[in-house]
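Reminder, nothing fancy here: chain letters follow the sequence lines and each chain counts from 1.
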There are 2 protein chains.
Amino acid sequence: MDLTERKLKILQAVIADFIKTAEPIGSRTISKNYSLGSPATIRNEMSDLEEMGYLTHPHTSSGRVPSEKAYRLYVNELMKKRELSQEEKDAIANELYQNVNELDSLIERAAHVLSEITSLTAFALSPGKEQDKLRYINLLPVDDYSVVLMLVSDSGKVSNTVVRLKAPASEDTLRILAKNMTYNYSGKTLSEALTMDIIQNLKADAEAMSMFENSIAPSFIKTLEDMLNVNLYMDGLTNIFALPEYNDIQKARSFFEMINRKADITQKLISRGDGIEITIGRENQDAELSDCSVITATYHVDGRLVGKLGVIGPTRMKYDEVTSVVEYLTDNISKAFMLTEGDDDDR
Amino acid sequence: MDLTERKLKILQAVIADFIKTAEPIGSRTISKNYSLGSPATIRNEMSDLEEMGYLTHPHTSSGRVPSEKAYRLYVNELMKKRELSQEEKDAIANELYQNVNELDSLIERAAHVLSEITSLTAFALSPGKEQDKLRYINLLPVDDYSVVLMLVSDSGKVSNTVVRLKAPASEDTLRILAKNMTYNYSGKTLSEALTMDIIQNLKADAEAMSMFENSIAPSFIKTLEDMLNVNLYMDGLTNIFALPEYNDIQKARSFFEMINRKADITQKLISRGDGIEITIGRENQDAELSDCSVITATYHVDGRLVGKLGVIGPTRMKYDEVTSVVEYLTDNISKAFMLTEGDDDDR
DNA sequence: GATTAGCACTCAAACGAGTAGAGTGCTAAC
DNA sequence: GTTAGCACTCTACTCGTTTGAGTGCTAATC
């Protein structure tokens, strides 16, 4: 059987209406709102579309609901890109840049804006720092028994840990050790630094060495890992309560329990492809996501740092709108954080 | 009418059973499980207790439910402190100290443990830093146009911001400016620092002054505020789905929406009294909390830093258990972070 | 006088029959 | 190939009935 022009139009109409209303769509509705023929004709066509796997039937006497196959077709072929109007763009940019001056707050803000616009649950991943290089290592005394260990990377990311010392250290010792560590590590990527044999490389006096081995080394590793770690920001969690799909308390519960396992979510996001990726229903490996769709996009900062953002929602979502917004956001993040280059004045 | 011995016992029985089952308690149930007389006797007593305001009646032919007044009496007089067994204490300590080496992670961990044990929603507030004093200010170059502004406080808290400069700065200028800022601000509390007239106090060369005014000052204020700001950690949000009180999707929704307004929650927590504070139902000012109880406790670190933690749940909660756990946790936090004093080897 | 047994009464929740309405599938006419 | 017409299906809703837990009251008992 062929997907004739009219069949496509009817399918598109069903998808559009269902995305709006979340109710199964009957032949009469389509017939009234689109001039595609009488209810009976539409019924025949719908019946064909069902046979072809694009529509389903909750029960014999109800209207039609798009299948995952239909959404896939829609996303790949039928959907036309929804250009954002200048006002929309301005509104987004406005929201996005509200007192933001480090990358992570921008990312967090992006998740917020995204959830606001789409009325779905949004998330954003701060960039992976594998290729980022260490620049400085500093040790600053707090009191006799504690120092701040501070790492600064080329991309401007700063991480610090307060380290408790087993024995008090002189400022001199700290200075020497910090200098020595910087000498050894600066220019190395974070991942390299983690795999280096640390003790071997240090050449310092006995006191510094002992302090390093006993107190600093474990914190150093932890701080490196901390720098490498991506942060997951989520927003709009309660948006799902507005969706009829989640009227059932059990559904809402399992959604929240899934979304709360942040480590899992991060893992899943990282392993998604580059660019805009849309997965629909059971295309998501995960059983828990089998009636959700996920849309993610990748942003790049300065050609080196890479992160993701996106939304999760029911398979019935405004794919066109979400795609546009997600794309616009990633573009803007990339533009806002051109490192090293002299930056284009604010907004 | 008097609260006779038997009335008290019956009241206590109703409260205990209701906390367990969330179902209205009938006279037969009490009569069977406690030897306090026949159902008819219990009925008469319950009727009196209702007249006195300790019990209510969802409808004529249902069992009794404790009123807020009953919970208040229970908490103030009837409840006996539930001592934690050594195993319970060990289990808590074990969970609590899992790879924790800064105060904030300990606080976060505490919220986690608390929610796990109580099966309620737990929160913890990192300490307010008003009395904390600035120790260091540092400016570290990242590249020509950006520097890290870093503040270290007496309590070991470190905050940093990456500042974009309008014009490139020499390392010398940065060093001079940092030294000068440290000279002016070290020893001041964070709140004092915020109110000081910054520009007035600097005595540095023209280049440093201009950099300060144009680039550093706004970030400095922001970083100070960031240091002052308390963090709110929450855990066990999805626990409420297991409670019959939140079987209604609307209730669950408004709970989540309330709990998501983090700024509000922080505000409310901060304004609560010292020590263990229990507020029941409409004792909470907030209409949104009118069928919740909130239990908070205060921890002190080193006599200067003060923070809070606690749980929020339905008025029907295990007040005795929650109180004990919350108390044990705050004690442990205080002990774990005796700053300056040589620390007592772990656990 | 306090306690208890007994009984009529109340109400929510569960169940089931009946109905309305939306929608389909099929047939026959256009 | 399209459409009107009609029988049929199924859900959602309504309404009356039943069941069972529990009360309140009265009268008998301790």
Side-chain angles (χ1 to χ4, degrees), chain A residues 1-11 13-15 17-18 20-67 70 244-245 247-249, chain B residues 1-11 13-15 17-18 20-67 70 244-245 247-249:
Chain A
M1 208 176 323
D2 245 14
L3 262 181
T4 61
E5 177 104 359
R6 188 169 60 188
K7 282 197 174 59
L8 275 177
K9 278 187 178 157
I10 290 175
L11 184 56
V14 172
I15 293 174
D17 280 20
F18 185 74
K20 247 192 228 128
T21 65
E23 299 287 334
I25 311 298
S27 54
R28 254 179 67 84
T29 317
I30 299 291
S31 172
K32 257 187 298 183
N33 300 336
Y34 307 78
S35 18
L36 295 168
S38 75
T41 312
I42 310 263
R43 261 201 305 281
N44 290 332
E45 296 285 54
M46 280 174 148
S47 178
D48 290 353
L49 283 167
E50 182 160 358
E51 209 175 309
M52 296 161 84
Y54 292 107
L55 294 178
T56 50
H57 233 180
H59 54 88
T60 28
S61 71
S62 86
R64 255 61 177 223
V65 167
S67 68
E245 278 82 351
N247 259 348
D248 176 24
I249 195 107
Chain B
M1 210 176 325
D2 246 15
L3 263 181
T4 61
E5 177 104 358
R6 188 170 60 190
K7 283 197 173 61
L8 276 177
K9 278 185 178 156
I10 292 174
L11 184 56
V14 172
I15 294 173
D17 280 21
F18 186 74
K20 247 189 230 130
T21 65
E23 299 288 335
I25 311 297
S27 54
R28 255 178 68 82
T29 317
I30 300 292
S31 172
K32 258 187 295 183
N33 300 337
Y34 307 79
S35 18
L36 294 167
S38 74
T41 312
I42 310 262
R43 262 201 303 281
N44 291 331
E45 297 285 53
M46 281 174 146
S47 175
D48 290 352
L49 283 166
E50 181 160 1
E51 210 175 307
M52 296 161 82
Y54 292 107
L55 294 177
T56 49
H57 232 178
H59 55 88
T60 28
S61 71
S62 86
R64 258 50 179 231
V65 167
S67 68
E245 279 83 350
N247 260 348
D248 176 24
I249 196 110

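Residues A:G53 and A:S67 come closest through the heavy atom pair O-OG, 2.7 Å. Minimum interatomic distance between B:G63 and B:P58 (heavy atoms only, all atoms of both residues): O-CD, 3.5 Å. Of all non-hydrogen atoms in A:K7 and A:D2, the two that sit nearest each other are CD-O, 3.5 Å.
Here D:dT2 presents its P atom at 7 Å from CD of A:E45, a figure rounded to the nearest Å. Remark: P of D:dT3 and CD1 of A:I30 are 15 Å apart, rounded to the nearest angstrom. Spacing between atom NZ of A:K7 and atom C1' of D:dT2 amounts to 13 Å, rounded to whole angstrom units. Nucleotide D:dC25 holds its C1' atom 17 Å from the CE atom of B:M46, rounded to whole Å. Regarding A:R6, its CZ atom lies at a distance of 7 Å from the P atom of D:dT3, rounded to whole Å.
For D:dT23, the OP1/OP2 oxygens have no side-chain nitrogen or oxygen of B:S47 closer than 4.0 Å. Side-chain nitrogen and oxygen atoms of A:R28 include none within less than 4.0 Å of the OP1 or OP2 phosphate oxygen of C:dT24.
Within residues 33-42 of chain B, no residue is approached by DNA chain D to less than 4.0 Å at the level of any non-hydrogen atom. In the region residues 48-64 of chain B, proximity to DNA chain D at under 4.0 angstrom, judged on heavy atoms, holds for B:H57, B:T60, B:S61, B:S62, B:G63, B:R64.
Annotation: side chain of B:T4 is in contact with side chain of B:E45 (closest heavy-atom distance under 4.5 Å). Counting heavy atoms from C-beta on, the side chains of B:I15 and B:L11 come closer than 4.5 Å. With contacts defined as side-chain heavy-atom distances shorter than 4.5 Å, the pair A:R64/A:L49 does not qualify. Contact check for B:L3 versus B:Y54: side-chain heavy atoms found under the 4.5 Å cut-off. Residues B:P39 and B:R43 meet the side-chain proximity criterion, which asks for heavy atoms closer than 4.5 Å.
Rounding to the nearest 0.5 Å places CD of B:E245 at 9.0 Å from CG of B:N247. With rounding to the nearest 0.5 Å, the separation of CG in B:L55 from CZ in B:F18 is 11.0 Å.
Within the 3.5 Å criterion, the main-chain N or O of A:I42 finds no donor-acceptor partner in the side chain of A:S27.
Shown here are the side chain to side chain contact (heavy atoms under 4.5 Å, CB included) partners of B:K9, two or more places apart in sequence or in another chain: B:E5, B:L36.
Contact annotation: side chain of A:R43 to base of D:dG5, donor-acceptor pair present below 3.5 Å.
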Would you tabulate the pairs of protein nitrogen or oxygen atoms and nucleotide nitrogen or oxygen atoms of nucleotides 28-30 of chain D closer than 3.5 angstrom?
none

Extract from the structure each pairing of a protein N or O with an N or O of nucleotides 27-30 of chain C at less than 3.5 Å, listing the distance.
none

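Checked against A:Y34 for a side chain to side chain contact (heavy atoms under 4.5 Å, CB included), the options A:T29, A:I10, A:D17 give a single hit: A:D17.
Note that the two end axes of the helix from C:dG1-D:dC30 to C:dC30-D:dG1 enclose an angle of 20°, each drawn from 5 base pairs, rounded to 10 degrees.
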